[in-house]
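What follows is a single structure, written as structure tokens, with notes after it.
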Amino acid sequence: MRWQSPSVIASADTSRLDEGTMTVRVRFAPSPTGFLHLGGARTALFNWLYARRHGGTFILRIEDTDVERNKQEAAEAILEGMAWLGMETDEGPFWQSDRGALYREKIQELLASGHAYKCYATKGELDQMREELQAKGLKPLYDRRWRDRTDHPEDTPFVIRFKMPIDGDRTLADAVKGDVTFAYKELDDWIIARSDGSPTYNFVVVVDDIDMRISHVIRGDDHLTNTFKQAPLYEAFGKPLPVFGHVPKVAGLSKRLGSPSVQRYRDELGFVREGVINYLSRLGWSHGDQEIFSTEELVAAFDLEGVSSSPGAFDIDKMTWVNEHWLRALDPADVAQRIAPRMGIKPDARLAAIVEILQPRSSTLVDMAAQAKMFYRDDIELDEKAAKKWLKVSTGPHFDELIPKLTALASWDRASIGAVFEAFCEAHELKLGKIAQPTRVAVTGGSVSPGLFETVELLGRDACLPRLAAARAWIAAREAAQ
RNA sequence: GGCCCGUUCGUCUAGGGGUUAGGACGCCGGCCUCUCACGCCGGUAACAGGGGUUCAAAUCCCCUACGGGCUACCA
């Protein structure tokens, strides 16, 4: 509980620091300028987990005030991505574009209470002021020239600025970063409403967070300094500060290409949601040495103290490993449901059985679907290298003996099939490999596949017997050519 | 430039005065074995640098370097 240092309590709402009694209300507030990428998904996840952990409320707010840059399909993709990951929202989505009346009302309130004022300085005037300050090597902050003026020019455009404290320090107890101190002289009276009357980002965030009674603001650490602009605003409204937790952003998510959407990880790369959730949760958060977490385990274990204060890098190899784990842990019938659409078929018991033998050797659904296709082909092509190596003339007699026995099998199941091969090996004092590999090549065309007996079983009698006969013919042809 | 935040194996991280600095991914080697995988066993590899404080520093303090953020009538 590093945020409970005495110097800090004085500036924050102490009642909210008591985990036992407070009501947790958190939010994820994306701006719909792009799709939901992994970084955003992680921020959403931390909030969602925190809410679930504490029996709180998870709120979704779409920050679409910048009409120019917003795209409807982006907002929909964000919603869809969150739904896929299983992060259901308790309230919302709320759209900031619907909330203009509230913002206008709050701006008037601040004007009336004297916490904000109209600034009639023109853009040119401001530019000149900044240039002069910079020429003197000073920080280009607004000089508050209209803060205390009482005259109001007619027909002159104005912006509305918030009266920030002029000096002094502020220490905020960040739940992730610890105590952070900032000097007010670094900040100026920032604009809360533009000359067209529209409210600015830092203002609407606070209005909304107050209105939605947000108790914990868990967001990217690019907002850390914004927090010091926002804090006095809470006080101007006479409201307590929420607990802030600034999470370091994820590094290494391909900047040039833009980071891929979660949908791409799902659709093109074939990751399962359990794997994505598990990987994302562990990127920048840890719980001892544990690597594998089900969503339920995450809900039980997640806390802000385990969040690292330094940024982590995205690593596709580790994400793939986590995904492999979940792909194997999932019920085969469930996985069959997930890969069937990728293969253009309907899931059934046979596909589930195929999934089961592919689970230990698949990294992703894409990978698994590709391997499963082998079981749905009408014919095969013998791999030349494999055939040359394993379909030796000497194996001809082996096939002659095995084919009738397999043909005579009453039940085409892996145990019965295995028994045929084992009896054969015992009778001839051969290692299983001597006959398993030639058979594998005969029925699959290549030298790599899941276990032979399962493969033969699932390929089915109708596929295997003709293929064995064809391989026998191939050997005969080879013999004749010698 | 100013301010804020950060820096433990290649990567994710544990550890917060006394540890052979632990785990995981990756990589390498071995075992298992009908192939490929899975699994199991083992190996590789880190406290950014410099000063302090201390009997003792990866852990506390300061400086430097590097990385990131903020510094808009963007969000």
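Just so we're clear, the structure is a prediction, and the values are computed from it rather than from any experiment. We use all heavy atoms of the structure for the numbers below, so side chains are in, but hydrogens, waters and symmetry mates are not. So you know, we letter chains A, B, ... as the sequences are listed, proteins then strands, and number each from 1.
- The side chain of A:Thr225 sits closest to B:G69 out of B:G2, B:G69, B:U7.
- Residues A:Met368 and A:Gln359 have side chains in contact (heavy-atom distance under 4.5 Å, counting atoms from C-beta outward).
- The separation of B:U44 from B:G2, taken at their P atoms, amounts to 45 Å, rounded to a whole angstrom.
- Side-chain nitrogen and oxygen atoms of A:Arg130 include at least one within less than 4.0 Å of the OP1 or OP2 phosphate oxygen of B:C73.
- Not a single donor-acceptor contact under 3.5 angstrom links the side-chain atoms of A:Thr200 to the base of B:C73.
- Separation of the C1' atoms belonging to B:G50 and B:A45 is 25 Å when rounded to the nearest angstrom.
- Using atom C1' as the reference point in both B:G69 and B:G17, the two lie 32 Å apart (nearest Å).
- Comparing B:G10 with B:U20, their C1' atoms are spaced 23 Å from each other, to the whole Å.
- Judged by distance alone, the side chain of A:Asp188 and the main-chain N or O of A:Arg144 form no donor-acceptor pair under 3.5 Å.
- Checking A:His428 against A:Glu401 by side-chain atom types alone, a donor-acceptor pair falls below 3.5 Å.
- A:Ser449 comes within contact range of at least one nucleobase, with a heavy-atom separation under 4.0 Å.
- Ring centroids of A:Tyr201 and A:His223 are separated by less than 6.0 Å, placing the two rings close together.
- Environment of CG in A:Asp167: sparse, with no more than 12 heavy atoms of neighbouring residues, nucleotides or ligands closer than 6.0 Å.
- On the C1' atoms, B:C63 is 26 Å away from B:A21, given to the nearest whole Å.
- Of the N and O atoms on the side chains of A:Arg170 and A:Thr227, not one donor lies less than 3.5 Å from an acceptor on the other residue.
- Separation of the P atoms belonging to B:C40 and B:G26 is 12 Å when rounded to the nearest angstrom.
- Side-chain contact between A:Arg147 and A:Ile166: present, with at least one pair of heavy atoms (C-beta onward) separated by less than 4.5 Å.
- Distance check on atom C1': B:A48 versus B:A65 gives 8 Å, rounded to whole Å.
- For A:Arg361 against B:C36, a side-chain-to-base donor-acceptor contact under 3.5 Å is present.
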Give every donor-acceptor pair under 3.5 Å between a side-chain atom in residues 382-389 of chain A and any protein atom, sequence neighbours left out.
residue	atom	partner	partner atom	Å
A:Asp383	OD2	A:Ala386	N	2.9
A:Glu384	OE2	A:Lys388	NZ	3.2

Under 3.5 Å between N/O atoms: give me all the protein pairs with nucleotides 24-26 of chain B, atom names plus distance.
residue	atom	partner	partner atom	Å
B:A24	O4'	A:Glu291	OE2	3.3
B:A24	O2'	A:Lys318	NZ	3.3
B:A24	N3	A:Lys318	NZ	3.2
B:C25	OP1	A:Trp321	NE1	3.4
B:C25	O2'	A:Lys318	N	3.3

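- OP1 or OP2 of B:A75 has at least one side-chain nitrogen or oxygen of A:Arg194 nearer than 4.0 Å.
- A donor-acceptor pair shorter than 3.5 Å cannot be found between the side chains of A:Asn202 and A:Trp190.
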Name the pairs: protein N/O against N/O of nucleotides 61-64 of chain B, kept only if under 3.5 Å.
none

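- Side-chain atoms of A:Lys177 lie closest to B:C5 of the nucleotides B:C5, B:C12, B:G1.
- Separation of the C1' atoms belonging to B:U11 and B:C4 is 27 Å when rounded to the nearest angstrom.
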